[in-house]
Amino acid sequence: MTTLVGLDLAGRRVVVVGAGHVGMRRTRRFLEDGARVLLVDPSPTDEARRVASHGDVELRARPVRPEDLDGAWLVVAATDDRDLNARVAGWAEAGRTWCVNASDGLSGSAKVAASSTHGDLRVGVVSNGPADSRRVAAVRDALGWYVEAGQVDLRRHRRRTGRVVLVGSGPGAAGLVTTAGREALATADVVVTDRLGATWLLEQLPEDVEVVDVGKSPTNHPVPQHEINRLLVEHASAGRTVVRFKGGDPYLFGRGGEEVHACRAAGIPVEVVPGVTSAFSVPALAGIPVTQRGVATSVLVASGHAGAEPATTAALLAGATVVLLMAVSSLPEICAAALADGVDPELPVAVIERGSTVDERVSRATIGTAARVMAAAGVRAPAIVVLGLVAAEGFLDDEVCATPVREAADV
Ligand code: SAH
């Protein structure tokens with residue numbers, strides 16, 4: 001039977017005998033873990049010499065001797081000579097140093113677990129029987145997948161200091177939530193959530209995870225930002241892990257910066273898990289590339305909250321794509337201002353409601369017709385508005401796309 005222990009190899013000497021494929025794989029792994037590696041091989045490959053030239057590996061290019069093991073905490077016998085590996089294992093045993101015998105999983109005193117890292121957790125799998133690296137790796141991968149899918153309750157059971165994690169959950173579709181986002185959610189004692197993004201994930205949380213809804217909705221007055229900040233700090237101060245769950249990316253019109261600031265001011269550790277922003281992903285799903293060589297080489301992302309802003313008109317006149325968030329009610333005003341400043345009334349406009357969800361709807365118009373068309377269609381938030389040539393219906397169809405409007409200056 002094998003006892004699994006986690007070794008802290010940082011700063012400790014590990015001797016790898018044999019710099020072939022297996023020996024180098026182990027060497028790289030031990031280096032990542034901070035070990036001081038001594039590599040012994042009478043005819044090292046170029047790869048081994050290159051790794052050793054970085055200075056964190058000592059290379060002895062000669063046959064191994066018993067004294068090479070002096071001061072080692074762990075030895076790996078990875079030559080292609082079984083007898084030599086057994087001899088090295090014997091020296092290690094005599095010196096009470098753990099030894100991995102790469103040619104025979106049963107006769108060494110140690111095995112290296114197939115492992116994967118998930119935040120502050122490391123999952124390791126070893127075989128109790130003969131070595132079978134593929135089988136062991138398959139189990140490691142399955143466990144890793146399970147953790148990354150957010151299927152495991154990762155809340156801390158020993159009270160630690162509280163913390164806040166801002167998680168961007170993307171535009172709403174399951175496939176657009178990041179692995180890091182799911183993992184963070186699985187650590188939550190409390191979730192403070194908006195109404196946008198992958199909120200359906202919250203239904204899968206364990207019953208005793210407290211979910212606080214601070215989102216805007218037609219019937220629900222938004223909770224003031226200072227109140228949200230207070231909630232985050234209060235829960236984290238009580239030692240809880242608080243996930244602040246947001247649509248898209250936390251820093252794009254998500255007031256994430258203000259929340260981070262409030263936590264820092266209160267001395268609360270705070271992290272951010274970026275998300276897939278609706279500003280780019282929702283147009284992409286609707287067949288709109290926000291830039292296209294020779295057509296639109298820059299893009300402005302703006303909020304419709306403040307109504308018509310000079311930057312929007314200037315960007316349109318310069319041929320940039322403009323992506324507007326929170327702009328359903330101000331779109332008529334924004335289009336009117338652009339027209340007054342000389343933007344072509346034929347410039348295409350696309351509005352995508354509830355992008356990436358089963359209820360997604362795309363409406364098309366031009367700057368000249370947008371106000372009328374969108375009102376007739378009854379467009380409602382949440383919606384992304386794209387203004388610019390890339391928003392033309394069928395833009396990615398061959399004929400339209402093949403004729404750049406302006407010559408590309410470079411690649
Ligand atoms: N931080 C978010 C944006 C928050 S502001 C992000 O990066 O995506 C809220 C606005 O985002 C909404 O008014 C709408 O304009 C846009 N939005 C978010 N999710 C959307 C979706 N699935 N479809 C269309 N628009 C969306």
Side-chain angles (χ1 to χ4, degrees), residues 165-178 180-181 184-185 191-202 213-225 228 232 243-260 272-288 290 299-309 312 321-335 349-365 370 374 377-388 391:
V165 191
L166 270 59
V167 173
S169 70
L176 297 176
V177 186
T178 67
L185 193 59
V191 178
V192 178
T193 183
D194 288 343
R195 293 265 165 114
L196 284 174
T199 48
W200 51 270
L201 268 175
L202 305 180
D213 181 351
V214 293
K216 278 188 266 183
S217 79
T219 53
N220 181 19
H221 281 299
V223 177
Q225 189 62 46
I228 297 175
L232 300 178
V243 164
R244 174 72 176 104
F245 199 72
K246 292 170 175 289
D249 181 85
Y251 284 167
L252 191 82
F253 302 130
R255 303 192 73 168
E258 292 162 60
E259 292 169 3
V260 167
V272 176
V273 177
V276 174
T277 179
S278 64
F280 297 153
S281 61
V282 166
L285 292 167
I288 301 173
V290 292
V299 54
L300 172 74
V301 180
S303 154
H305 253 333
E309 289 194 326
T312 300
T321 302
V322 172
V323 176
L324 297 173
L325 281 71
M326 300 176 281
V328 171
S329 50
S330 55
L331 187 59
E333 177 193 336
I334 291 168
C335 290
V349 176
V351 178
I352 309 122
E353 298 165 81
R354 300 172 295 277
S356 89
T357 74
V358 286
D359 302 320
E360 176 178 308
R361 177 170 73 154
V362 185
S363 310
R364 310 269 180 175
M374 300 309 162
V379 165
R380 291 191 314 154
I384 293 284
V385 179
V386 187
L387 312 170

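One-based numbering along the sequence shown. Not measured: the values here are computed from a predicted model. Whatever order the structure lists ligands and atoms in, that order sets their numbers, starting from 1.
- Residue contacts with ligand 1, taken as heavy atom pairs separated by less than 4.0 Å, involve R354 solely via the backbone atoms N, CA, C and O.
- Within the 4.0 Å heavy-atom criterion, neither part of T357 lies near ligand 1.
- Taking every heavy atom of I384 and a limit of under 4.0 angstrom, the matching atoms of ligand 1 come to 16 (C), 24 (C), 25 (N).
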| field | Test log, rule side-chain contact (heavy atoms from CB on, under 4.5 Å), inputs L252 and L325 | value | CA-CA 10 Å; L252 191 82; L325 281 71; 4.1 Å; yes

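- Side-chain atoms of S330 never come within 3.5 Å of backbone atoms of E333 as a donor-acceptor pair (strictly under, hydrogens ignored).
- The heavy atom nearest to atom 18 (C) of ligand 1, considering only A381, P274, S278, is found in S278.
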| task | Decide yes or no on side-chain contact (heavy atoms from CB on, under 4.5 Å) for V167 and V191, but give the supporting numbers first. | result | CA-CA 10 Å; V167 173; V191 178; over 6 Å; no

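- Atom 9 (C) of ligand 1 has as its closest protein heavy atom L196 CD1, 3.4 Å.
- If you check which protein heavy atom lies closest to atom 4 (C) of ligand 1, you get F253 O, 3.5 Å.
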| task | Run the numbers on V301 and T277 for side-chain contact (heavy atoms from CB on, under 4.5 Å), then give the verdict. | result | CA-CA 11 Å; V301 180; T277 179; over 6 Å; no

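- Counting heavy atoms under 4.0 Å from ligand 1, residue L325 touches it through both backbone and side chain.
- The protein atom (non-hydrogen) at minimum distance from atom 6 (C) of ligand 1 is G248 CA, 3.3 Å.
- One finds the OG1 atom of T199 at 14.0 Å from the NZ atom of K246 (value rounded to the nearest 0.5 Å).
- Closest protein heavy atom to atom 13 (O) of ligand 1: M326 CG, 3.2 Å.
- Close contacts of ligand 1 with I352, meaning ligand atoms under 4.0 Å from a residue heavy atom, involve 24 (C).
- Taking a cut-off of under 4.0 Å to the non-hydrogen atoms of P171, the atoms of ligand 1 that pass are 22 (N).
- Formation of a donor-acceptor pair under 3.5 Å by the R244 side chain with backbone atoms of V192 is found in this model.
- Taking atom 21 (C) of ligand 1 as the reference point, the nearest protein heavy-atom neighbour is G355 N, 3.6 Å.
- Looking only at heavy atoms of the protein, atom 14 (C) of ligand 1 is closest to A383 O, 3.4 Å.
- Between V379 and R361, some side-chain heavy-atom pair lies under the 4.5 Å cut-off.
- Checked options V223, D213, I228, V214; the residue passing with D194 is V214 (criterion: side chain to side chain contact (heavy atoms under 4.5 Å, CB included)).
- G247 O, 3.3 Å is the protein heavy atom nearest to atom 2 (C) of ligand 1.
- Heavy atoms of S356 stay at 4.0 angstrom or farther from ligand 1.
- Summary of contacts: the protein heavy atom closest to atom 1 (N) of ligand 1 is L252 O, 2.7 Å.
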| said: Walk me through whether L201 and S169 qualify under side-chain contact (heavy atoms from CB on, under 4.5 Å). | reply: CA-CA 9 Å; L201 268 175; S169 70; 5.6 Å; no

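- Of the residues V323, L324, T321, V351, the one that meets the side chain to side chain contact (heavy atoms under 4.5 Å, CB included) test with L387 is L324.
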